[in-house]
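Report on one structure; see the data block that follows.
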Amino acid sequence: MREQRYDRSLVQMATGAGKTFAAVTLSYRLLKFGGFDRILFLVDRNNLAKQTMAEFENYRTPDDGRRFTELYNVNRLNRGPMPESTAG
């Protein structure tokens, strides 16, 4: 990933292994240091989407303590048109 030979990645983890926290931490590092513009975090259940959204909203960055959502747009996609902030 550091060499950016690939433009997509998949992280697969077992139940209870900290996927939600890992998603936020990896997202922050990839956006801030990895040259990435967008990240898709895909879940298969609404309750997992709500849990993930809450984790993104509560995550405080290690460098200055700001919330992830203060620095980056985070959208939970629902039925209907795609939000303008996700276009690109």
Side-chain angles (χ1 to χ4, degrees):
M1 291 178 74
R2 178 179 292 179
E3 297 168 5
Q4 292 189 2
R5 289 181 283 159
Y6 308 102
D7 63 352
R8 296 170 189 241
S9 297
L10 172 67
V11 176
Q12 184 175 352
M13 298 170 68
T15 301
K19 290 181 289 294
T20 309
F21 181 76
V24 179
T25 303
L26 287 170
S27 296
Y28 173 69
R29 292 181 184 278
L30 291 171
L31 290 166
K32 178 152 183 150
F33 304 111
F36 287 72
D37 297 321
R38 291 179 292 179
I39 295 171
L40 172 66
F41 183 78
L42 184 64
V43 296
D44 63 347
R45 292 184 178 84
N46 280 331
N47 64 331
L48 294 176
K50 290 176 187 174
Q51 175 188 353
T52 303
M53 188 68 176
E55 193 75 30
F56 273 90
E57 290 170 344
N58 292 322
Y59 181 80
R60 297 228 177 236
T61 60
D63 50 357
D64 63 5
R66 289 192 287 173
R67 292 186 189 272
F68 187 96
T69 52
E70 291 177 48
L71 300 170
Y72 304 104
N73 291 328
V74 177
N75 292 296
R76 181 173 169 217
L77 300 180
N78 296 308
R79 295 182 193 269
M82 187 175 291
E84 288 295 322
S85 62
T86 61

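When a residue number appears, it is its place in the shown sequence, counting from 1.
- Linking Ile, Leu, Val, Met, Phe, Trp and Tyr residues whenever their side-chain heavy atoms come within less than 4.5 Å places Y72 and M53 in a single cluster.
- Between M13 and A22, the closest heavy-atom pair is SD-CB, 4.0 Å.
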- Worked check of side chain to side chain contact (heavy atoms under 4.5 Å, CB included) between V74 and Y59: CA-CA 12 Å; V74 177; Y59 181 80; over 6 Å; no
- Task: For S27 and F41, run side chain to side chain contact (heavy atoms under 4.5 Å, CB included): C-alpha distance rounded to whole Å, both residues' side-chain angles, the deciding distance at 0.1 Å, then the answer.
- Result: CA-CA 9 Å; S27 296; F41 183 78; 5.8 Å; no
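- Taken from CZ in F68 to CG in N58, the straight-line distance is 12.5 Å, to the nearest 0.5 Å.
- Every residue two or more places apart in sequence or in another chain was checked for a ring-ring contact (aromatic ring centres under 6.0 Å, His included) with Y28, and none qualifies.
- Contact between A14 and K19 at its shortest, heavy atoms only, is O-NZ, 3.0 Å.
- Distance CG/D63 to NZ/K32: 4.0 Å, rounded to 0.5 Å.
- Atom CG in N47 sits 9.0 Å away from atom CG in D44 (nearest 0.5 Å).
- Interatomic distance, CG of N75 versus OG1 of T69, reported as 11.0 Å (0.5 Å rounding).
- Put simply, the residue from R60, E57, E55, R29 that forms a side chain to side chain contact (heavy atoms under 4.5 Å, CB included) with V24 is E55.
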- Task: For side chain to side chain contact (heavy atoms under 4.5 Å, CB included), just list the numbers for N73 and R38, CA-CA rounded to whole Å, side-chain angles, deciding distance to a tenth of an Å, and then say yes or no.
- Result: CA-CA 9 Å; N73 291 328; R38 291 179 292 179; over 6 Å; no
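- Taking CG of L71 as the reference point, atom OG1 of T61 lies at 5.5 Å (rounded to 0.5 Å).
- Taking OG1 of T52 as the reference point, atom CZ of F21 lies at 13.5 Å (rounded to 0.5 Å).
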